[in-house]
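Sharing a structure here in structure tokens format.
Since the model is a prediction, treat every value here as computed from it, not as a measurement.
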Amino acid sequence: MYHSVSDCRDDPYNVTVTPARLERQLTWMARRGLRGVSVRELLAARARGAEGGLVGLTFDDGYTDFVTAALPVLRRRGFTATVFVLPGRLGGANAWEPTGPRKPLLDADGIRRAVAAGMEIASHGLTHVDLTEATDQVLHSEVNDSRNRLAGIVGEDIEGFCYPYGRLDERAADAVRRAGYRYACAIDPGPAGSGDFALPRIHLGEADTSVRLELKRRLARFYGRALEAV
């Protein structure tokens with residue numbers, strides 16, 4: 001699980017990695033025979049029993065720097081990824097964060113550039129609200145309207161969803177399932193859910209050197225908190 005990729009050092013939420021750090025992390029994966037893919041590709045491979053050596057890569061929030069900074073690194077490696085975007089904030093900024101730098105978000109053209117480069121576009125809701133605290137009307141709009149808007153932008157079905165802040169409960173997961181998504185990502189779902197609508201992820205940050213990456217990989221395998229392909 002990644003977010004922003006930039007050289008910005010003001011990072012109060014630990015959601016930014018530099019392009020150089022991303023390059024080193026993906027190199028670490030490649031040297032171990034691992035290939036980064038979108039979640040859509042990973043789940044399709046799993047259905048065929050061919051998920052070995054694949055790692056699902058996700059980038060939350062849809063920052064503009066995905067196209068300018070992350071995409072060139074991914075393409076050099078031949079990796080793909082899933083980008084979870086906010087169609088209710090196209091061309092806007094990360095205004096849901098009370099402090100820290102304001103970072104621009106992808107507009108429709110940026111989303112199409114990511115798709116043209118082979119990336120999966122998926123929904124992060126409309127505006128980045130905590131779905132566990134949303135009214136029924138807001139929950140429906142965040143889940144359903146975001147999927148419809150994104151489908152109109154990219155010209156294809158939207159299969160994936162990511163719960164803002166990684167927070168979910170049974171009500172949110174049911175809404176995502178009923179909206180027609182194929183899967184949904186969380187962080188650590190805990191007792192709130194399991195299966196393809198509560199996929200766990202491993203957070204990667206600027207501090208994650210090769211030693212930390214190996215430790216996270218082993219811990220994930222030990223506790224069963226990641227897909228078997230990791």
Where Ser6 and Lys103 come nearest, the two heavy atoms and their spacing: OG-NZ, 3.7 Å
Arg201 (side chain) donor-acceptor with Ile187 (main chain) under 3.5 angstrom: no
Leu213 and Met29, any side-chain heavy atoms less than 4.5 Å apart: no
Flag if over 12 foreign heavy atoms under 6.0 Å of CZ, Arg113: no
Pair Asp60-Met1, side-chain contact (heavy atoms from CB on, under 4.5 Å): steps then yes or no: CA-CA 7 Å; Asp60 289 10; Met1 178 181 66; 3.9 Å; yes
same_hphob_cluster(Leu131, Ile158) at 4.5 Å side-chain heavy-atom cutoff: yes
Validation row: Thr80, Glu41 side chains within 4.5 angstrom (heavy atoms): yes
Co-membership, hydrophobic cluster, residues Leu90 and Leu86, 4.5 Å side-chain: no
Asp61 vs Trp96, side-chain contact (heavy atoms from CB on, under 4.5 Å): CA-CA, chis, key distance, verdict: CA-CA 11 Å; Asp61 302 334; Trp96 62 88; 3.6 Å; yes
Nearest atoms (heavy-atom pairs only) where Gly125 meets Pro87: O-CD, 3.3 Å
Side-chain heavy-atom pair Val39, Cys185 within 4.5 angstrom cut-off: yes
Parallel, tilted or perpendicular, as decided by the 30° and 60° cut-offs, for the rings of Phe59 and Tyr2: parallel
Spatial distance of atom OG1 (Thr16) from atom CD (Glu206) [nearest 0.5 Å]: 8.5 Å
Test item: Arg21 and Thr209 side chains (from C-beta on) under 4.5 Å apart, heavy atoms: yes
Polar contact flag, side-chain donor to acceptor under 3.5 angstrom, Asp65-Ser4: yes
Test log, rule salt bridge (Lys or Arg N to Asp or Glu O under 4.0 Å), inputs Glu142 and Arg147: CA-CA 8 Å; Glu142 290 285 330; Arg147 184 169 188 255; over 6 Å; no
Within 6.0 Å of CZ in Arg102, more than 12 heavy atoms from elsewhere: yes
ILVMFWY network linking Val154 to Leu105, side-chain heavy atoms under 4.5 angstrom: no
Step-by-step side-chain contact (heavy atoms from CB on, under 4.5 Å) determination, Asp196 to Arg46: CA-CA 12 Å; Asp196 287 357; Arg46 188 190 66 181; 2.8 Å; yes
Side chain Gln25, main chain Gly205, donor-acceptor under 3.5 Å: yes
Test item: Leu74 and Phe66 side chains (from C-beta on) under 4.5 Å apart, heavy atoms: yes
Phe161/Tyr163 under ring-ring contact (aromatic ring centres under 6.0 Å, His included): CA gap, chis, key distance, verdict: CA-CA 7 Å; Phe161 187 86; Tyr163 303 100; 5.6 Å; yes
Nearest non-hydrogen partners of Ala108 and Ile153, listed with the distance: O-CG2, 4.0 Å
Donor-acceptor contact present, side-chain Ser146 to main-chain Val143, <3.5 Å: yes
Residue pair Asp136 / His140, side-chain heavy-atom distance below 4.5 Å: no
Hydrophobic cluster identity match, Leu126 and Leu150, side-chain contacts under 4.5 Å: no
pair Tyr183-Leu43: side-chain heavy atoms closer than 4.5 Å: yes
Nearest non-hydrogen partners of Glu97 and Tyr63, listed with the distance: OE2-OH, 3.8 Å
Gap separating the CG atom of Leu106 from the OG1 atom of Thr68, nearest 0.5 angstrom: 8.5 Å
Contact check, side chains of Val85 and Ile111, non-hydrogen atoms, under 4.5 Å: yes
Glu23/Thr27 under side-chain contact (heavy atoms from CB on, under 4.5 Å): CA gap, chis, key distance, verdict: CA-CA 6 Å; Glu23 182 87 62; Thr27 297; 4.3 Å; yes
Mutual orientation of the aromatic rings belonging to His3 and His203 [parallel < 30°, tilted 30-60°, perpendicular > 60°]: tilted
Side-chain donor/acceptor of Arg89 to backbone N/O of Asn94, under 3.5 Å: no
Arg171 atom CZ, neighbour heavy-atom count above 12 within 6.0 Å: yes
Closest heavy-atom pair and its distance - Leu71, Val67: CB-O, 3.5 Å
Under 3.5 Å donor-acceptor, Tyr13 side chain and Thr99 backbone: yes
Residues Arg40, Glu156; criterion salt bridge (Lys or Arg N to Asp or Glu O under 4.0 Å); working and verdict: CA-CA 13 Å; Arg40 178 176 60 194; Glu156 62 183 28; 3.4 Å; yes
same_hphob_cluster(Val138, Tyr165) at 4.5 Å side-chain heavy-atom cutoff: no
Ala122 to Thr82 - nearest heavy-atom pair and separation: CB-CG2, 3.8 Å
